[in-house]
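Notes for the one structure printed next.
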Amino acid sequence: MRYDLVIFDNDGVLVDSEPISNRLLAGYLTELGHPTSYEESLRDYMGAAMHRVHDLVEERTGQRLAADFDDVFHARVFAAFERELKPVAGAVDVLERLVADGVPYCVASSGSHERIRVGHRTTGLDEWFEEEWVFSSEDVGRGKPAPDLFLYAAERMGVAPERCVVVEDSPLGVRAGVAAGMDVYGFIGMTPAERLVGATKLFGDMGQLADLLE
């Protein structure tokens, strides 16, 4: 395989969480007096850390979200995960192949460590990820599109950035991977190809990723 480390985004790449979380985020913001459609939530917040939600709402309205916004939102999301969340089709096949080929991998997500753990436990993906292979925007000062998270993951995994490939499905994540000096494979399962500008390669079937990486 041409890379020494595969860095996976989590939401929308490993777990099929983006429809759930963006539906709930749009509904909660609308409930609080900040009308937001599902499509607008995907456009503005997909792949972002929670601070982006706070920043954009304040920038657009001059109002700050309540201090308990994140806690209430995550409680709703985690409850929905328990009922609805599934792995992205083909994700387990890719992980099986990487293990069989001896290729190191990790996850680097804008979500919190708790969100990652809940999603992996619910879908059974937790058996594929050691704790030290899981990285969150909580671990660095700036989330995507800054490169900090991907660079931190590469450093902790002991691999030079130029030997890493990032698997992403959001424009913010693609920008972060490019800024980190890594190749980026853009997954267009939910995201229109034209929004993943800068990706090294685009693909639409997660089950085919391992072949593409060879």
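For reference, positions follow the sequence shown, starting with 1.
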Holding to side-chain contact (heavy atoms from CB on, under 4.5 Å), I want the full list of residues that pass it with [X], two or more places apart in sequence or in another chain.
X: Asp71; result: none
X: Ala154; result: Cys164, Met182
X: Ser136; result: His113, Ile116, Glu138, Asp139

For the student: nearest non-hydrogen atoms of [X] and [Y], plus distance:
X: Ala48; Y: Leu172; answer: CB-CD1, 3.5 Å
X: Ala80; Y: Leu24; answer: CB-CD1, 3.8 Å
X: Ala176; Y: Ala146; answer: CB-O, 3.4 Å
X: Pro171; Y: Thr191; answer: CD-CG2, 4.4 Å
X: Ser110; Y: Ser137; answer: O-OG, 2.6 Å
X: Ala180; Y: Phe150; answer: CB-CB, 4.1 Å

Side chains of [X] and [Y] in contact at under 4.5 Å (non-hydrogen atoms):
X: Val77; Y: Val118; value: no
X: Phe135; Y: Ser109; value: no
X: Val13; Y: Val88; value: no

TODO: Determine yes or no for a side-chain-to-main-chain donor-acceptor pair under 3.5 angstrom, with Glu58 supplying the side chain and Asp55 the backbone.
DONE: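 Between the backbone of Asp55 and the side chain of Glu58 there is no qualifying donor-acceptor contact (under 3.5 Å).
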Identify each donor-acceptor pair in which a side-chain atom of residues 205-212 lies under 3.5 Å from a protein atom, sequence neighbours left out, and give them as a table.
| from | atom 1 | to | atom 2 | distance (Å) |
| --- | --- | --- | --- | --- |
| Asp205 | OD1 | Gly207 | N | 2.9 |
| Asp211 | OD1 | Arg97 | NH1 | 3.1 |
| Asp211 | OD1 | Arg97 | NH2 | 2.8 |

Distance check, rounded to the nearest 0.5 Å: [X] atom [atom1] versus [Y] atom [atom2]?
X: Ile7; Y: Leu5; atom1: CD1; atom2: CG; result: 4.5 Å
X: Met46; Y: Leu25; atom1: CE; atom2: CG; result: 13.0 Å
X: Glu214; Y: Arg2; atom1: CD; atom2: CZ; result: 9.0 Å
X: Ser21; Y: Phe78; atom1: OG; atom2: CZ; result: 10.5 Å

Task: Set of ring pair (Phe, Tyr, Trp, His ring centres under 6.0 Å) partners for Trp133, sequence neighbours left out - done: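 Applying ring pair (Phe, Tyr, Trp, His ring centres under 6.0 Å) to Trp133 gives Tyr105.
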- [ ] Applying side-chain contact (heavy atoms from CB on, under 4.5 Å) between Tyr3 and each of Val165, Val166, Val103, report the one that passes.
- [x]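 Exactly one candidate clears the test, Val165.
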Hphob cluster co-occupancy, [X] + [Y], side-chain heavy atoms under 4.5 angstrom:
X: Leu42; Y: Met50; result: no
X: Val15; Y: Phe73; result: yes
X: Ile188; Y: Met190; result: no

Can you list every pair that meets side chain to side chain donor-acceptor pair (under 3.5 Å) and has a residue in [range], with sequence neighbours left out?
range: residues 11-20; answer: Asp11-Ser17, Asp11-Arg115, Glu18-Asn22
range: residues 147-156; answer: Arg142-Asp148, Tyr152-Arg156
range: residues 120-129; answer: Asn10-His120

Open item on the list: Do the side chains of Lys144 and Asp9 get close enough for a salt bridge, i.e. N-O under 4.0 angstrom?
Closed with: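 Result for this pair is yes, salt bridge flagged.
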Task: Residues Arg23 and Glu84 bridged, charged N to O under 4.0 Å - done: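 Salt bridge present between Arg23 and Glu84.
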TODO: Give the C-alpha distance, both sets of side-chain angles, the deciding distance and a yes or no for side-chain contact (heavy atoms from CB on, under 4.5 Å) between Leu95 and Leu125.
DONE: CA-CA 9 Å; Leu95 297 174; Leu125 290 179; 4.1 Å; yes
Task: Sequence neighbours excluded - salt bridge (charged side-chain N to carboxylate O under 4.0 Å, His left out) pairs with any residue from residues 30-39 - done: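 Only Glu31-Arg76 qualify under salt bridge (charged side-chain N to carboxylate O under 4.0 Å, His left out).
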- [ ] Could you list all the salt bridge (charged side-chain N to carboxylate O under 4.0 Å, His left out) pairs where at least one residue sits in residues 86-96, not counting sequence neighbours?
- [x]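 Found none.
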- [ ] Would you please test Glu168 and Arg175 for salt bridge (charged side-chain N to carboxylate O under 4.0 Å, His left out) and show each step?
- [x] CA-CA 10 Å; Glu168 264 288 355; Arg175 286 167 56 194; over 6 Å; no
TODO: Would you mind listing every ring-ring contact (aromatic ring centres under 6.0 Å, His included) that reaches into residues 6-53, with sequence neighbours excluded?
DONE: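 Listed by first then second residue: Tyr28-Phe69.
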TODO: Please lay out, stage by stage, how Ile20 and Phe81 fare under the test side-chain contact (heavy atoms from CB on, under 4.5 Å).
DONE: CA-CA 8 Å; Ile20 299 171; Phe81 279 4; 4.1 Å; yes
Can you give the donor-acceptor pairs under 3.5 Å from side chains of residues 193-204 to other protein atoms, not counting sequence neighbours?
| from | atom 1 | to | atom 2 | distance (Å) |
| --- | --- | --- | --- | --- |
| Arg195 | NH2 | Arg43 | O | 3.3 |
| Thr200 | OG1 | Val184 | N | 2.9 |
| Thr200 | OG1 | Val184 | O | 3.4 |

Open item on the list: Evaluate Leu151 against Val140 for side-chain contact (heavy atoms from CB on, under 4.5 Å), listing each step before the verdict.
Closed with: CA-CA 10 Å; Leu151 292 173; Val140 295; over 6 Å; no
TODO: Begin with the C-alpha distance, continue with both residues' side-chain angles, and end with the deciding distance and a verdict on salt bridge (charged side-chain N to carboxylate O under 4.0 Å, His left out) for Arg163 and Asp183.
DONE: CA-CA 8 Å; Arg163 297 299 304 157; Asp183 281 356; over 6 Å; no
Open item on the list: Quick one, Asp70 with His54, criterion side-chain contact (heavy atoms from CB on, under 4.5 Å). Give me CA distance, side-chain angles, the key distance, then yes/no.
Closed with: CA-CA 9 Å; Asp70 290 12; His54 291 262; 2.7 Å; yes
